[in-house]
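Chain naming here is simple, since letters A, B, ... match the order of the sequence lines and numbering starts at 1 in each. The structure displayed is predicted, hence computed values, not measured ones.
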2 protein chains.
Amino acid sequence: MKEHILIVDDDSDILELLEYNLSSAGYDVLGFLNTKYVRQVLSEESVDLIIMDRNLPEIDGGLYVEMLRNKNINIPVIFLSAKGSAEDIKDGFLKGADDYVTKPFNMDELLLRIKAVLKRYHSELSKNGSVMEYKDIKIDNNMRTVTIDGKNIEITKLEIAILKVMISNQGRVLDREFLLKHIWKDSENIRQKTVNVAMKRLKEKIDPLRQKEYIKTIRGVGYLMS
Amino acid sequence: MKEHILIVDDDSDILELLEYNLSSAGYDVLGFLNTKYVRQVLSEESVDLIIMDRNLPEIDGGLYVEMLRNKNINIPVIFLSAKGSAEDIKDGFLKGADDYVTKPFNMDELLLRIKAVLKRYHSELSKNGSVMEYKDIKIDNNMRTVTIDGKNIEITKLEIAILKVMISNQGRVLDREFLLKHIWKDSENIRQKTVNVAMKRLKEKIDPLRQKEYIKTIRGVGYLMS
DNA sequence: AATTCTAGGTTACATTATGATTACATAAAA
DNA sequence: TTTTATGTAATCATAATGTAACCTAGAATT
């Protein structure tokens, strides 16, 4: 799974350069020219690393990160700054940086530092990151939560597994044999009827009022998320 | 408590410079011109950080560190090198470096990087001076005390460790494998059931009346502090 | 349209898996 | 040593899941 890097830099040239290079290096990049939507994005996406310019017009990048740390957001941060004085670097580390790179920087070195920071901090958490969505259903694999229209719902392991398979095969009708094979691994010892019951239970949870019809039954074949 | 830094550099001028500056900065410095006695010192002294020149006459510093890592010596290492090519830096990180500084270096910056690496290394133990909070739970990392709603509670080392990990990962379900890896370091030799018992004991302490539900059990997955 | 047939829904119950609890053993600290 | 903390195993409690019996709706046949 791709790791997500959020970048904030008010210089659009540098931002583009970073976006291009980090994307090429296989990261999922979210670039911003200011901090306006950062909090929101952090709460919605599972971000693995933040690269932040320290000299932003509205707010000092260092202060912003300090604020994030106070809110118990401990995603690793690499500061990017034209200022290279010892005092600045020191301040950066104190504010919670994990590394500090001065402009102009060498892209290869930055990539290596990114790799090192990610390895150090995030190897376990980010292995299955990402958010899956279908209409107003959202599955956060990192937090292992499912929300529908923003509201959190209680859901079991099996139900999440079904939901994931349905979403990642949306548009295809999945027959019971397929579902047993992919969700219940030991399809041998389990009756096909079991799928019906499991589906009913899942439908009940994600759409108790029977209004959305997320999952449609295709008589004689199987189930479809269109 | 002074932290111990071991330095290996065959250039005696640089070695002296480092010894002088790091000592002034309050570290206990052990300088060597070659790797001859390093193994022995490591086994006798509690070294917190190694600063190693990559271009040593007898052996490549990178290879030496690789060897240490293979022997399960995981003391953080900062490489010092005249070589600054991307390829070299990459190789350094691959061999197990925690940071990489190219010569000629700025002493102030080096000091900051040392501080950062040490802080990372000791991060779990002492989040210097900081106070962690979650709802009405407050952990004072200096005093090693926990108060709930202002009232001091008796709590053990392990329980604090769990609480810290739960708080710094709030909003995310932590499975037993993760908890074992991060709290009990030698996850190999410990049963997953142990986590259940530890959690029960922690819950008992922080919420004896079962009213707050600070920590929620996610059946089939792990534990969540939301 | 009425009848039959069948797939799937629904419900109730059985089984299984997982976590909580307890008691005790062992390790660490005082 | 004594005391305290922590790990482990046995047992208990319950939520999650599987199964079977029955019900219903829609397609096929008449």
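- The nearest whole Å value for the distance from the CZ atom in B:Arg176 to the C1' atom in C:dA17 is 12 Å.
- OP1 or OP2 of C:dT10 lies within a sub-4.0 Å distance of a side-chain N or O belonging to A:Arg210.
- Closest approach to the B:Val197 side chain among C:dT21, C:dA20, D:dG18 is made by C:dT21 (side chain taken as heavy atoms from C-beta onward).
- In this structure, A:Gln192 atom CD and D:dT17 atom P are separated by 19 Å, rounded to whole Å.
- Atom NZ of A:Lys157 is separated from atom C1' of C:dT16 by 12 Å (rounded to the nearest Å).
- Checked against D:dT19, D:dA5, C:dT21, the side chain of B:Lys200 finds its nearest nucleotide in C:dT21.
- If you check D:dT6, C:dG19, D:dG7 against the side chain of B:Thr217, the one that comes closest is C:dG19.
- Take the nearest nucleotide of DNA chain D for A:Ile155 and for B:Glu159: the residue whose nucleotide is more 5' is B:Glu159.
- Counting atom types as modelled, A:Arg201 pairs a side-chain N or O with a base atom of D:dG18 as donor and acceptor under 3.5 Å.
- Residue A:Tyr223 places its side chain closer to C:dG9 than to any other of D:dT6, D:dT17, C:dG9.
- A salt bridge does not link A:Lys164 with A:Glu159: none of the charged nitrogens is closer than 4.0 Å to a carboxylate oxygen.
- Straight-line distance from the CD1 atom of A:Ile218 to the P atom of D:dA25: 19 Å, rounded to whole Å.
- In terms of heavy atoms, A:Thr156 sits closest to A:Arg144 at C-NH1, 4.2 Å.
- When atom types are taken as modelled, the side chain of A:Lys185 and the backbone of A:His182 share a donor-acceptor pair closer than 3.5 angstrom.
- Among the heavy atoms of the strands lying under 4.0 Å from A:Lys193 is at least one base atom, whether or not backbone atoms are also near.
- Atom pair B:Lys216:NZ and D:dA15:C1' shows a separation of 14 Å (rounding to whole Å applied).
- Between the B:Asp207 side chain and the B:Lys203 main chain, no donor and acceptor come within less than 3.5 Å of each other.
- Distance, A:Glu204 CD to C:dA12 C1': 15 Å, rounded to whole Å.
- A straight line from CZ of B:Arg191 to P of C:dC24 spans 21 Å, rounded to a whole angstrom.
- If you check distances only, the side chain of B:Arg219 does reach the base of C:dT18 with a donor-acceptor pair under 3.5 Å.
- Distance, A:Ile183 CD1 to D:dT17 P: 12 Å, rounded to whole Å.
- Both cation-pi conditions hold for A:Arg172 and A:Phe178: the charged atom is under 6.0 angstrom from the six-membered ring centre and inside a 45 degree cone around its axis.
- Nucleic acid contact class of A:Val221 (heavy atoms, under 4.0 Å, all strands): sugar-phosphate only.
- In this structure, the nucleotide among D:dG7, D:dT19, C:dT10 sitting nearest to the side chain of B:Leu158 is D:dG7.
- Distances shown here put every side-chain N or O of B:Thr156 at or beyond 4.0 Å from the OP1 or OP2 atom of D:dA5.
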